[in-house]
**Student:** 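Structure incoming, see below.
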Amino acid sequence: MTASRLARRPGLPRFPRTARGRAVAIAVAIAVAAGGVVAAAWRPARPPVLALAGIAADPCAPQRVIAVPAGARGRFLPGSSVLAEGGTIYAGPGPAARPAPALAACATAAARASRQWLAAGAIPGAPGPERSMAARALLDLHLLTQPDGAMVAAWHTIWRYAWPRDSSWAAVALARTGHLADAYRILGFLRRVELPGGGWAARYWPDGSGPVRDGRPAELDATGWVPWAVWNWFTAAGPASPAARRELMTLWPMVSAAAAAAARSLRADGLPGPAMDYWEDSDTVTLGTAAPLLAGLRSAASLAAALGDTGQERRWAAAAARLGAAITARFGRYGYHRLPRDRSGADAAVTFLGPPFAAAAAPVTRAARAAQAALTLPGGGLLPGAAWPGTPGVAWTPETAMFALLRAASGDQRGTSAILSWLAAHRTRLGELPEQVSASGQPVSVAPLGWTDAIVLLALVARRHPLPVPPARPGGPVRADEVRH
């Protein structure tokens, strides 16, 4: 999600861990993304630019994704990812020119297929900008998900990989909007690429050929996000469904191995060891790793209970209880900031400790409200954290949407609407959600970002239906209102 995605592709140096190094790496990466020549010497960071305005489907080959340049002013055919610009169907660069009648016929068929796919699920949100934003986010996730189930973060060189974190969230968003087969396909990809000891590499090639080997370590939070995603898919599919139970049995070895890896990561104090988190830049334990592991262990325990595996249910529930107590003791003592020590600053990951990841608790609610106030920029939108070293004044849409999800899942309609309205108002000309928004209110970086699409969709769903929370009590029942949302 974060700046390291702007800082690595084959041939670029590994992402630096200092604030100055990060700023320089971002500048270098944006220059590369824009097609510029990168000098060997370091140079100051430049203001972020919009590298990509959106994605479109090739009308005659709908699985082929077309990157739409920042200056494009076209419009999508209603309910589709087929783009028309100046009265001409946009087929992008690459394939040989097709006759206009053939393109028109392809566009009609492709748009019809998109509308049928949307109709197979639900488009959340109130009529108007919210519904429009939701439809585009759904179509984006559908287009970013490859035939093998790899969900690509964004369709631009340095983002065109499958991160297990983003993939997990996309699977949950698709499941909660009724696109269960698509969600299961993503989970199947994660099952195939899981490391032998449980867990996942930081990111993968979307063709399924394996991890991107660029020297960065695995990101431990995936061992929490993936079981949480499987649990959400299963409760959305219906725990009483024989077909869902059969498919869960296929995924269960992956979940069990991930939960075992998460439990092994816990140290004597109950917290996991140092690991890269969703900032993709940490040498210590952070809330952004500990909180997802808690949701994942609780999800694994609940799935074990559904399968009647009481041994694993108790094992994962005990690990979750130990981790939960440690998070309360170590992070809660300092207001649930980024690190388990004083003055480490607010972090958007505090949202991972509230609904829909855990039942609401007053101390977490207070901490989340304080974090939102501390991280909100003058123009709206939020920073990832108080210690975030990125470009000053630039808002990040995933973190902004995280607070919308927390407020929606907590029943705060007014707070949810304010954040979602800001997000809807800062899309690209094509209606795509960008990764970042500049201090002047312009979409920058890349659009769409699949992770933001997924979080926004879940926030919109949560406004109308209560999203389920992985039960803290071993074997806790799944309520009727927790399925098929």
Side-chain angles (χ1 to χ4, degrees), residues 116-124 138 141-142 145 147-151 164 167-194 198 222-260 295-313 315-317 320 356-357 409 454 457-458 461-462 464-485:
Q116 289 173 345
W117 181 83
L118 280 174
I123 304 174
L138 281 165
L141 291 183
H142 187 49
T145 302
D148 65 351
M151 204 291 293
S167 298
S168 297
W169 280 76
V172 175
L174 289 167
R176 292 292 166 197
T177 52
H179 299 284
L180 292 164
D182 299 79
Y184 186 76
R185 189 154 46 97
I186 294 173
L187 297 173
F189 175 85
L190 293 171
R191 177 181 62 82
R192 292 191 298 275
V193 299
E194 187 179 25
T223 62
W225 290 131
V226 175
W228 171 73
V230 173
W231 182 83
N232 268 279
W233 162 81
F234 182 61
T235 57
S241 165
R245 292 181 68 85
R246 286 193 300 270
E247 291 175 328
L248 176 59
M249 289 299 296
T250 301
L251 298 173
W252 176 243
M254 170 182 71
V255 173
S256 180
L297 284 167
R298 287 174 173 171
S299 297
S302 181
L303 290 170
L307 294 175
D309 190 334
T310 56
Q312 294 210 67
E313 174 195 342
R315 182 181 176 189
W316 311 140
F357 309 100
L457 285 167
L458 287 173
V461 170
R464 296 295 181 91
H465 303 287
L467 288 175
V469 171
R473 180 171 60 85
V478 176
R479 303 190 310 270
D481 65 350
E482 293 179 345
V483 300
R484 301 188 185 281
H485 290 155

**Student:** Mind checking the CG-CG spacing from Leu118 to Leu138? Nearest 0.5 Å is all I need.
**Tutor:** 6.0 Å
**Student:** Do Pro356 and Leu458 come close enough that some side-chain heavy atom pair is under 4.5 Å?
**Tutor:**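 Not in contact.
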**Student:** Dump the intermediate steps for side chain to side chain contact (heavy atoms under 4.5 Å, CB included) on Leu457 and Leu141, then the final yes or no.
**Tutor:** CA-CA 10 Å; Leu457 285 167; Leu141 291 183; 3.7 Å; yes
**Student:** To the nearest 0.5 Å, tell me how far Arg245 CZ sits from Leu307 CG.
**Tutor:** 5.5 Å
**Student:** Of all the heavy-atom pairs spanning Ala258 and Thr223, show the shortest one and how long it is.
**Tutor:**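 Looking at all heavy atoms of both residues, the shortest contact is O-CB, 3.7 Å.
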**Student:** Would you say Thr310 and Arg315 are linked by a side-chain donor-acceptor pair, where the criterion is simply a distance under 3.5 Å?
**Tutor:** no
**Student:** Going from CG on Asp182 to CE on Met151, what distance comes out if it is rounded to the nearest 0.5 angstrom?
**Tutor:**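 Reported value, rounded in 0.5 Å steps: 12.0 Å.
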**Student:** Taking side chain to side chain contact (heavy atoms under 4.5 Å, CB included) as the criterion, tell me which of Val230, Leu190, Leu303, Val226 meets it with Leu251.
**Tutor:**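 So, applying the side chain to side chain contact (heavy atoms under 4.5 Å, CB included) to Leu251 and each of Val230, Leu190, Leu303, Val226, only Val230 qualifies.
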**Student:** Please confirm whether the ring centroid of Phe357 lies under 6.0 Å from the ring centroid of Trp231.
**Tutor:** no
**Student:** Could you check whether any side-chain heavy atom of Trp225 comes within less than 4.5 Å of a side-chain heavy atom of Val172, counting everything from C-beta outward?
**Tutor:** no
**Student:** Nearest 0.5 Å, what's the CG-CH2 distance between Asp309 and Trp316?
**Tutor:** 9.5 Å
**Student:** Write down the atom of Pro124, the atom of Thr177, and the distance for their closest heavy-atom approach.
**Tutor:**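 Shortest heavy-atom contact: CD-CG2, 4.1 Å.
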**Student:** At their closest point, which heavy atom of Trp117 faces which heavy atom of His179, and how far apart are they?
**Tutor:**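 The pair with the smallest heavy-atom distance is O-CE1, 2.9 Å.
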**Student:** For Pro227 and Gly296, which heavy atoms make the closest approach, and how far apart are they?
**Tutor:**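 What the structure gives for the nearest pair is CB-O, 3.5 Å.
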**Student:** So which heavy atom on Ala317 is nearest to which on Ala301, and how close?
**Tutor:** N-CB, 3.7 Å
**Student:** Mind checking whether Asp148 and Arg185 have side chains closer than 4.5 Å, heavy atoms only?
**Tutor:** no
**Student:** Using the six-membered ring wherever Trp is involved, compare the ring planes of Trp233 and Tyr184 and label them parallel, tilted or perpendicular (cut-offs 30° and 60°).
**Tutor:**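 Trp233 and Tyr184: tilted rings.
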**Student:** Ignoring hydrogens, what is the shortest heavy-atom contact between Ala320 and Leu297? Give both atom names and the distance.
**Tutor:**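 Heavy atoms only, the tightest pair is CB-CB, 3.8 Å.
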**Student:** Counting N and O atoms only, with roles assigned by atom type, does the side chain of Ser256 sit under 3.5 Å from a partner on the main chain of Trp252, one being a donor and the other an acceptor?
**Tutor:** no
**Student:** Looking only at the side chains, is there a donor atom on one of Trp228 and Ser299 sitting less than 3.5 Å from an acceptor on the other?
**Tutor:** no
**Student:** Does Arg464 have more than 12 heavy atoms from other residues, nucleotides or ligands lying within 6.0 Å of its CZ?
**Tutor:** no
**Student:** Is any side-chain heavy atom of Thr250 less than 4.5 Å from a side-chain heavy atom of Arg191?
**Tutor:** yes
**Student:** Are any of the side-chain heavy atoms of Pro470 and Ser302 separated by less than 4.5 Å?
**Tutor:**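 Pro470 vs Ser302: side chains apart.
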**Student:** Please step through side chain to side chain contact (heavy atoms under 4.5 Å, CB included) for the pair Arg176 and Thr235, ending with a clear verdict.
**Tutor:** CA-CA 9 Å; Arg176 292 292 166 197; Thr235 57; 2.5 Å; yes
**Student:** How many angstroms lie between atom CH2 of Trp169 and atom CD1 of Ile186, to the nearest 0.5 angstrom?
**Tutor:** 14.0 Å
